[in-house]
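In what follows, chains are A, B, ... by sequence order, proteins preceding strands, each numbered from 1.
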There are 2 protein chains.
Amino acid sequence: MAARPTPRRDRLVDTALRLFAIEGFHGTGIDRILAESGVSKMTLYKHFPSKDDLILAALRRRDESYRAWLETEVAARIETGEHPLVAYVHAIQTWCDRPQFNGCTFINAAGEFGDPKHPVHRAAGEHKQAMLAFVEQLARDASCNHPQEIALQTRLLCDGATVMKQAIRSDRGFEAAAEAVKRLANIS
Amino acid sequence: MAARPTPRRDRLVDTALRLFAIEGFHGTGIDRILAESGVSKMTLYKHFPSKDDLILAALRRRDESYRAWLETEVAARIETGEHPLVAYVHAIQTWCDRPQFNGCTFINAAGEFGDPKHPVHRAAGEHKQAMLAFVEQLARDASCNHPQEIALQTRLLCDGATVMKQAIRSDRGFEAAAEAVKRLANIS
DNA sequence: TCCAAAGCATACCGATCTGTCTACTTTTGA
DNA sequence: TCAAAAGTAGACAGATCGGTATGCTTTGGA
């Protein structure tokens, strides 16, 4: 019945992800997703038992594709001589320059699903944990002095800059974040 | 008709604010707000032309009460000898320790109302701007070297720590943020 | 070739959504 | 005292919500 790989399933998830960013999770109706993806309602419910499952699938997809993109982007920047942590900040900044950008999908998800036990809220938390682990590895690779603390601070600065970009559409946050990371990690 | 000051109006706004934090703005129905505040529907619509207006009023109230609380809290901490910027970080941390806390109301609002021209999104942006101005003044009062940049970095760290507290319920973010601020501003 | 899986349209369900209307009651201040 | 202001309950409207049921068409692989 509900096959795992698929063609239309992808369209559903992609469309949902796009609409969720603009209108929010609760603000986006199933019918809207169906209309814009050109998929029938029965097909949706053949792949996902409920809307919440579609949301979870969308978050999972976002997590995977984002992480894949990020690793490539950061690696490419390190290749050109950028310090790994600075490369990370610049990569996030690049990500946030997408036209449809409206903040971090996971922060938005945690905001709409406030109950810490709700699967969507947990998914957001797990993503943030994974991001922190990723940056910690970067800090260790770069032989930073206190990799765990500098990684955490880098993460805070990036989430803050992402929020600033979302709220007032300014890149000043990322510029200040990059400078802060350089000072905190004794770079250049 | 729609008087400005009021008794029941306050209950409506307070209840809405509490529910919005848990269920989100779109996820919270008018009827739920009415039931929990014990106010009739007609009274609501006598005070607010629409739900969006109630949301805007709630954000306005949050902005005002939060700012009043913050100024008092920061002043009290400065009184005890804390550096103004560190006092700010600790004040935010205290704010985020409220049991009903679910992230920054304005970040959540911007997430649900993605259109930058939407009044709710704008209100979120204006709040963030005002917060930045507040911290810039603190930095100037403390005779920091580059008050504008250090203020911005402090703001990024605090928003990042707020997000971390929301997503994984950890205070580690605030501790790391306070340390970062001390280093960036050459404190102690 | 042919069958099963996948996808389709469409109507429908009950619940809930924001918002309106009418008509009655309480409060309050000049 | 008495009239205006504020509040009440409750029915109602039309739209939309998430989700289900039925029955038809397309498609792909053995």
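- We find that NE2 of A:His47 is positioned 14 Å from P of C:dA5, with the value rounded to whole Å.
- Every residue meeting the side chain to side chain contact (heavy atoms under 4.5 Å, CB included) condition with A:Ile78, not counting sequence neighbours, appears here in chain and number order: A:Val74, A:Pro84, A:Ala87, A:Leu138.
- The shortest distance between side-chain heavy atoms of A:Tyr66 and A:His127 falls below 4.5 Å.
- Protein atom CD of B:Glu23 is 11 Å distant from nucleotide atom P of C:dC17, rounded to whole Å.
- The one candidate from B:Arg61, B:Arg60, B:Arg67 that meets the salt bridge (charged side-chain N to carboxylate O under 4.0 Å, His left out) condition with B:Asp63 is B:Arg67.
- Counting to the nearest Å, the C1' atom of C:dC21 and the NZ atom of B:Lys46 are 12 Å from each other.
- One finds no side-chain N or O of A:Ser40 lying less than 4.0 angstrom from the OP1 or OP2 phosphate oxygen of C:dT10.
- Checked by atom type, the side-chain pair B:Asn108/B:Glu112 shows no donor-acceptor distance below 3.5 Å.
- In this structure, B:Ile33 places its CD1 atom 14 Å from C1' of C:dG19, rounding to the nearest Å.
- Spacing between atom CZ of A:Arg11 and atom C1' of C:dG7 amounts to 11 Å, rounded to whole angstrom units.
- Rounded to whole Å, atom C1' of D:dG28 lies 13 Å from atom CZ of A:Arg8.
- Donor-acceptor pairing under 3.5 Å is lacking for the side chains of A:Thr43 and A:Arg11.
- Regarding B:Leu44, its CG atom lies at a distance of 16 Å from the C1' atom of D:dG10, rounded to whole Å.
- Here the P atom of nucleotide D:dG10 and the CG atom of B:Leu34 are 14 Å apart, to the nearest Å.
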Atom pairs under 3.5 Å, N or O on each side, protein against nucleotides 17-20 of chain D: can you list them with distances?
residue	atom	partner	partner atom	Å
D:dG18	OP1	A:Lys51	NZ	2.7
D:dG18	OP2	A:Ile30	N	2.7
D:dG19	OP2	A:Tyr45	OH	3.1
D:dG19	OP2	A:Lys51	N	2.7
D:dG19	N7	A:Lys41	NZ	3.0
D:dG19	O6	A:Lys41	NZ	2.5

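- Residues A:Tyr88 and A:Arg77 bring no donor and acceptor atom of their side chains to less than 3.5 Å of each other.
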